[in-house]
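Heads up, the thing below is written out as C-alpha cells.
Only heavy atoms go into these numbers, but all of them, side chains included; no hydrogens, no water, no symmetry mates.
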Amino acid sequence: MNKAVKKSVFVFTIISVVVAMAVMLVGCNKVDKKLQSMQNSISYYNSQMLVAEDSNFYVEVVGGERESALIADGEVGEMTGYCLLNVTPINVDMTNKAINFKVTGENGVYEGSLEKNILGISYTANISEPDKLGNIKSLTLSIGETKFDYTLNNIMLGIDYKKAVESVYNNCSSDLESMFDGNDFKSEVYIKISCDRSKNPKEYFWFVNVVENSDNMFCVLVDMQTGEIIAKKHR
C-alpha cells in the first residue's frame with residue numbers, strides 16, 4: 001500500500017470516529033421533553049435534610065422550595081424557599097414543654113422558640129433567611145436552664161428530588177399517561193423525604209405525590225439510595 005492510499009485510509013478512519021462520537025453525543029444530549037415538563041411541575045420539594053436524635057428528642061432541619069400558597073390544583077404557582085426545624089419528643093417527660101432553640105451554622109446562629117403542633121406531640125419553627133447561616137452544623141434545645149446539644153447529620157446522600165421524579169417517570173409511565181397532554185405535564189408534583197422511624201437505623205425515602213386535581217392523585221415511595229420504586233398507589 002503506497003503512502004497516498006495509507007494517508008487516505010487514516011483520514012477516513014479519523015473522520016469515521018469523529019462522526020460516530022458526534023452521533024453519540026447528540027443522542028446523550030437529547031432532551032426528554034415529557035420528563036423535563038414533569039420536573040418543571042414540582043410545587044414542593046426538599047433539597048436539604050439534617051437530623052439528630054437521642055433519648056429525649058428526634059430533630060430535623062428540612063429545607064427546599066414550595067408554592068407560596070400550597071393549593072392542590074394541578075398547577076405550579078409562585079415558588080418560595082423555606083427552612084423548618086421539626087422536633088419530636090421521645091421522652092414523655094419532654095412533652096408539653098416550652099422549648100427554645102439555637103441553630104448554629106458556619107456563618108452565624110439563629111435563635112427562637114418552638115411552637116407545638118395542634119395535632120400530636122411534635123414542635124416546629126421556621127428558620128428565616130437560612131442562607132445567611134451557611135452550612136448548618138448543630139442545634140441546641142433549651143427547656144429552662146437545661147440544654148440539649150445536637151450535631152446534625154446530612155441524610156441527603158442518595159439521589160436528589162429530581163432523580164426521584166425521573167425514577168417515577170421511567171417506572172410508572174402507564175400510571176402517569178392520563179396526566180400528560182402530548183409532551184406537556186398537566187399536573188403538579190409534591191416531593192418530600194419520608195422517614196420510617198420504626199427501623200434501626202432509620203430508613204429514609206422519597207415520597208412523591210402527583211396531583212392532577214383533588215380527585216386524581218398518584219403516590220409513590222422511592223428508595224432514596226437506589227431510586228427503586230418501593231410502593232405506589234392511586235387515591
query = Are S113 and N100 close enough that a side-chain donor and a side-chain acceptor fall under 3.5 Å?
reply = no
query = Can any side-chain N or O of D54 pair as donor or acceptor with the backbone N or O of F57 at less than 3.5 Å?
reply = yes
inquiry  = When you measure from the side chain of S68 to the backbone of E78, do you find a donor-acceptor pair of N or O atoms at a distance under 3.5 Å?
reply    = yes
inquiry  = With clusters defined by side-chain heavy atoms of hydrophobic residues (ILVMFWY) lying less than 4.5 Å apart, directly or transitively, does V87 cluster with I193?
reply    = no
ask   = Any chance NZ of K102 has more than 12 other-residue heavy atoms, nucleotides or ligands included, within less than 6.0 Å?
value = no
query = Between atom CE of M79 and atom CD1 of I42, what is the distance when rounded to the nearest 0.5 Å?
reply = 8.0 Å
request  = Classify the ring geometry between Y45 and Y161 as parallel (under 30°), tilted (30 to 60°) or perpendicular (over 60°).
outcome  = parallel
inquiry  = Is there a continuous path of hydrophobic side-chain contacts, each under 4.5 Å between heavy atoms, that joins I191 to V61?
reply    = no
key: salt bridge (Lys or Arg N to Asp or Glu O under 4.0 Å) between E53 and K202, worked out   = CA-CA 11 Å; E53 183 178 8; K202 293 174 176 55; 2.4 Å; yes
task = Give a yes or no on whether K163 atom NZ has more than 12 heavy-atom contacts from other residues, nucleotides or ligands under 6.0 Å away.
result = no
query = Counting only heavy atoms not in E111, do more than 12 fall under 6.0 Å of its CD?
reply = yes
query = To the nearest 0.5 Å, what is the distance between CH2 (W206) and CG (N46)?
reply = 5.5 Å
query = What is the ring orientation for Y82 with Y44, classed by angle as parallel under 30°, tilted 30 to 60°, or perpendicular over 60°?
reply = parallel
ask   = According to a 4.5 Å side-chain heavy-atom criterion applied to Ile, Leu, Val, Met, Phe, Trp and Tyr, with indirect links allowed, do I99 and V59 form part of one hydrophobic cluster?
value = yes
request  = Ignoring hydrogens and angles, tell me if any N or O in the side chain of Y204 forms a donor-acceptor pair with the backbone of M156 under 3.5 Å.
outcome  = no
ask   = Do we see a donor-acceptor contact under 3.5 Å between the side chains of N117 and S122?
value = yes
Backbone of K162 reached by a side-chain donor or acceptor of Q39 within 3.5 Å = yes
query = Is E106 reaching over with its side chain to a backbone N or O of N135, donor-acceptor style, under 3.5 angstrom?
reply = yes
task = Decide whether a cation-pi geometry holds between K34 and F180; the criteria are a distance under 6.0 Å from NZ or CZ to the six-membered ring centre and an angle within 45° of the ring axis.
result = yes
remark   = Separation between CG (L114) and NZ (K97), nearest 0.5 Å, reads 14.5 Å
